[in-house]
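Notes to accompany the following structure.
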Amino acid sequence: MGKIITKEEYKEKMKDKLKQENKKVVLCHGVFDLIHPGHIIHFEQAKGMGDILVVSITSEKYVRKGPGRPYFNNELRMKFLEAIEYIDYVMLSEGYTVDDIVEAVEPDIYVKGEEYKKPKEDITGKITEEQALVEKHGGKIMFTAGQVFSSTHLINTALSGLPEDVRSYMESFKTRYSMKDIKEYTAKVSRLKVLVIGDIIIDKYIYCIVQGMMTKDMGYSARQKGAEEYFGGAAAIARHLSSFNENVTLMSIIGNEENIRLKMFDELADSINLKLIYSEKVPTIIKRRYLTRNEKRDEYKKIFAINNIPEKIGYEKFVQNKFAEKLIEIVDAYDVVFLCDFGHGLIDEKIMDIVQKRAKYLVLNCQTNSSNKGMNIITKYHRADAFTLDQQEIAMAYPSYSDSDEIKLKKLGKHLNSVGWLTRGPLGAIQINKNNEEEYSTQECPAFTLSVKDTIGAGDAFFALSGIFTAAGAPVEIGTFMGNIGGALGANIVGNKEHVEKVNALKFASTLLNI
């Protein structure tokens, strides 16, 4: 048997044998993306604590350092470790935590680096739980000492792990802000009381294999492979926010379909406070998207879309009034309001007026889509504290060939008396800073990844993270930084199948700052 073994092989062939021989088993765990002198010293010290050294790595699909990481795949990382003389066995962990390995190995000693001695500084917040699990199985945790190196730093600088424009931006950014600042504002975010208002949309994804064109008509012929559905719209934004804050309320109007109502409470109510009004006339919005997948690049291309949005948009008068009355009743209790105006009839002039007058801090997104093109322009609002929009939306707000995006963004900032962001997909984002009542300036930030699965939820993730950090008092530039992280992570999630998790965002932030 070689050094590289499975958990099952270890349990069946090695664990009892080593116990009978009274061997002291030591476990180290990590990503180990690029082996450096710090790792060698770590393994040497760990082996000195016992007789058998087991080293496990996190499987690539569970690594949370941002898109494009790990730099090396599972096989190569295990090969690197196999060649190190101090190591007796190498394993692959299939999970976000080390729990599966601890359960399989039951180490006498679990070894972590010196940087994990202070649990409060652990971004994942898992070191205390790991220690409890190791002790439950009769082991103990110990720490190695010595100079701390960083695989992330080496990859970012020596192996071009980051694009040149991102590396240049981060070199400048880190002269003003540190990971400590990000953590402090993250803590402030968690203390806010957050209200999200907007349409709830059911996104149905139908996966297809395109066989070609129809023989007698102009259209695709495709074979359906499967289907999934996720909560989109304001629900997706609330889910992103709920990972950073446990006090998020989602307020919306949906149809009276029992299956959708039960699904919402089943999937969302544990993390989001739902305040829903029901319409007998207007159904819950469902958007069906037909997609095909590029197997080599793990990208998805949409080939067709269908929705059930009524031709004449508008809820029953008494339903809209009930919604407005409920909003007036609760809005003053919230520190920040996210207004998600998708242009599907929920946000009428009365709701706009209430929110603009009463919200303590207003984060605004007014979207253009195929069903409302030219009818839902952000300049219909006169007040916001922060906003996001894309290039199509700012072009509709200020239809000029001669004005640049920066000029249009300054005009919008002055109109709303607000800071904000223009998102530009692979070109990144432009932030607008409010220097004083009359003077505004702009600053560009590159996209943090060009690795993309599906861009459908990237803008919502940017909106959620940029808005919540500025609402917590962070400088606009930190809002830009966290928003771009949200957008990069969101672009690597299919639809709104998952939300951007706080630990993933902080891990990615740490990766970017480690240059």
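Positions are given from 1 along the sequence. These numbers come from the heavy atoms of this one structure, side chains and all, not from hydrogens, waters or symmetry mates. Remember, predicted model here, so these are calculated numbers, not experimental data.
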Does the Arg383 side chain pair with the main chain of Gln356, one donor and one acceptor, at a distance under 3.5 Å? yes
Beyond-backbone contact of Tyr169 with Thr480, side-chain heavy atoms, under 4.5 angstrom: yes
Shortest non-hydrogen contact between Pro310 and Val282, atoms and distance: CG-CG1, 4.1 Å
Specify the closest pair of heavy atoms between Ile237 and Cys340, including all atoms of both residues, with the distance to one decimal. CD1-SG, 3.6 Å
Minimum side-chain heavy-atom gap Asn247-Asn273 below 4.5 Å: no
Checking Phe469 against Tyr185 for the ring-ring contact (aromatic ring centres under 6.0 Å, His included) test, could you report, in this order, the C-alpha distance in whole Å, the side-chain angles of both residues, the deciding distance, and whether it holds? CA-CA 7 Å; Phe469 272 83; Tyr185 283 115; 7.5 Å; no
Can you tell me how far OH of Tyr440 sits from CG of Asn433, rounded to the nearest 0.5 angstrom? 10.5 Å
Rounded to the nearest 0.5 Å, how far does OG of Ser59 lie from CD of Glu94? 4.0 Å
Flag yes if more than 12 heavy atoms outside Met375 fall under 6.0 Å of its CE atom; otherwise flag no. no
Checking Gln367 side chain against Gly343 main chain: does a donor-acceptor pair fall under 3.5 Å? no
Any donor and acceptor pair, going by atom type alone, linking the side chain of Arg261 with main-chain N or O of Leu276 inside 3.5 Å? no
I'd like to know whether Tyr290 forms a side chain to side chain contact (heavy atoms under 4.5 Å, CB included) with Val210, so could you lay out the CA-CA distance, the side-chain angles of the two residues, the decisive distance to 0.1 Å, and finally the verdict. CA-CA 10 Å; Tyr290 294 80; Val210 175; over 6 Å; no
Keeping the roles fixed (side chain from Ser243, backbone from Lys502), state whether a donor-acceptor pair exists under 3.5 Å. yes
Would you confirm whether Glu393, through its side chain, and Asp390, through its main-chain N or O, come within 3.5 Å as a donor-acceptor pair? yes
Side-chain (Arg288) to main-chain (Asn307) donor-acceptor, under 3.5 angstrom: no
Could you measure the distance from the NZ atom of Lys507 to the CG atom of Leu489? Nearest 0.5 Å is fine. 13.0 Å
Within the structure provided, determine whether Phe173 and Ile478 are in side-chain contact (heavy-atom separation under 4.5 Å). yes
Under 3.5 Å side-chain donor-acceptor pair for Thr368 and Asn376: no
Non-hydrogen atoms of Ile432 and Lys410 that approach each other most closely: CD1-CA, 3.3 Å
Identify whether the distance between the nearest side-chain nitrogen and carboxylate oxygen of Asp385 and Lys360 falls below 4.0 Å. no
Please examine the side chains of Leu412 and Thr379, heavy atoms only from C-beta on, and report whether any two atoms are closer than 4.5 Å. yes
Short side-chain donor-acceptor distance under 3.5 Å, Tyr230 and Glu228: yes
Roughly how far apart are Leu339 CG and Met251 CE, rounded to 0.5 Å? 11.5 Å
According to the ring-ring contact (aromatic ring centres under 6.0 Å, His included) rule, which pairs have a member within residues 312-353, sequence neighbours left out? Phe338-Phe463
Has the side chain of Gln431 got a donor or acceptor atom that lies under 3.5 Å from a matching backbone atom of Gln443? no
Side chains of Glu246 and Ser190 only: does a donor on one sit below 3.5 Å from an acceptor on the other? no
Do His382 and Leu416 have side chains that approach each other closer than 4.5 Å (heavy atoms only, starting at C-beta)? no
Pair Gln211-Ser221, side-chain donor/acceptor within less than 3.5 Å: yes
Can you find a heavy atom in the side chain of Leu268 that is under 4.5 Å from one in the side chain of Arg239? yes
Using modelled atom types only, decide if a donor and an acceptor are shared between the side chain of Ser510 and the backbone of Leu506 within a distance under 3.5 Å. no
Show your working on side chain to side chain contact (heavy atoms under 4.5 Å, CB included) between Glu329 and Glu325 and close with a plain yes or no. CA-CA 6 Å; Glu329 180 186 324; Glu325 289 166 7; over 6 Å; no
Show the numbers, then the answer: is there a side chain to side chain contact (heavy atoms under 4.5 Å, CB included) between Val196 and Val248? CA-CA 7 Å; Val196 180; Val248 175; 4.1 Å; yes
When you measure from the side chain of His240 to the backbone of His499, do you find a donor-acceptor pair of N or O atoms at a distance under 3.5 Å? no
Heavy-atom side-chain contact between Val494 and Tyr207 under 4.5 Å: yes
Any side-chain donor-acceptor pair under 3.5 Å between Asn73 and Glu60? no
Can you name the closest pair of heavy atoms from Gly467 and Val363 and give their distance? CA-CG1, 3.8 Å
Could you go step by step and tell me if Lys380 and Asp341 meet the side chain to side chain contact (heavy atoms under 4.5 Å, CB included) rule? CA-CA 11 Å; Lys380 69 182 183 180; Asp341 186 347; 3.1 Å; yes
So, taking the atom named OG1 in Thr423 and the one named CG in Asn365, what distance separates them when rounded to the nearest 0.5 Å? 8.5 Å
Flag the pair Lys263 / Glu229 as yes when at least one side-chain heavy-atom distance between them is below 4.5 Å, and no otherwise. yes
Please check: side-chain N/O of Arg358 versus main-chain N/O of Ile328, any donor-acceptor pairing under 3.5 Å? yes
Pairwise salt bridge (charged side-chain N to carboxylate O under 4.0 Å, His left out) hits with a residue in residues 466-481, at least two apart: Arg176-Glu477
Rounded to the nearest 0.5 Å, how far apart are OG of Ser400 and CD1 of Ile394? 11.5 Å
Assess whether side-chain hydrogen bond (donor to acceptor under 3.5 Å, both in side chains) is satisfied between Glu257 and Thr284, documenting all intermediate values. CA-CA 8 Å; Glu257 307 93 343; Thr284 304; 2.7 Å; yes
Could you tell me whether Gln224 atom CD has more than 12 heavy atoms of other residues or ligands within 6.0 Å of it? yes
Assess whether atom NZ of Lys322 is packed by more than 12 heavy atoms of other residues, nucleotides or ligands within 6.0 Å. no
Looking at Arg424 and Glu444, does any basic side-chain N land under 4.0 Å from a carboxylate oxygen? yes
If I compare all heavy atoms of Ile407 with all of Asp403, which pair ends up nearest, and what's the gap? CG2-CG, 3.8 Å
If you look at every heavy atom in Ala359 and Val337, which pair is closest and at what distance? CB-CG2, 3.8 Å
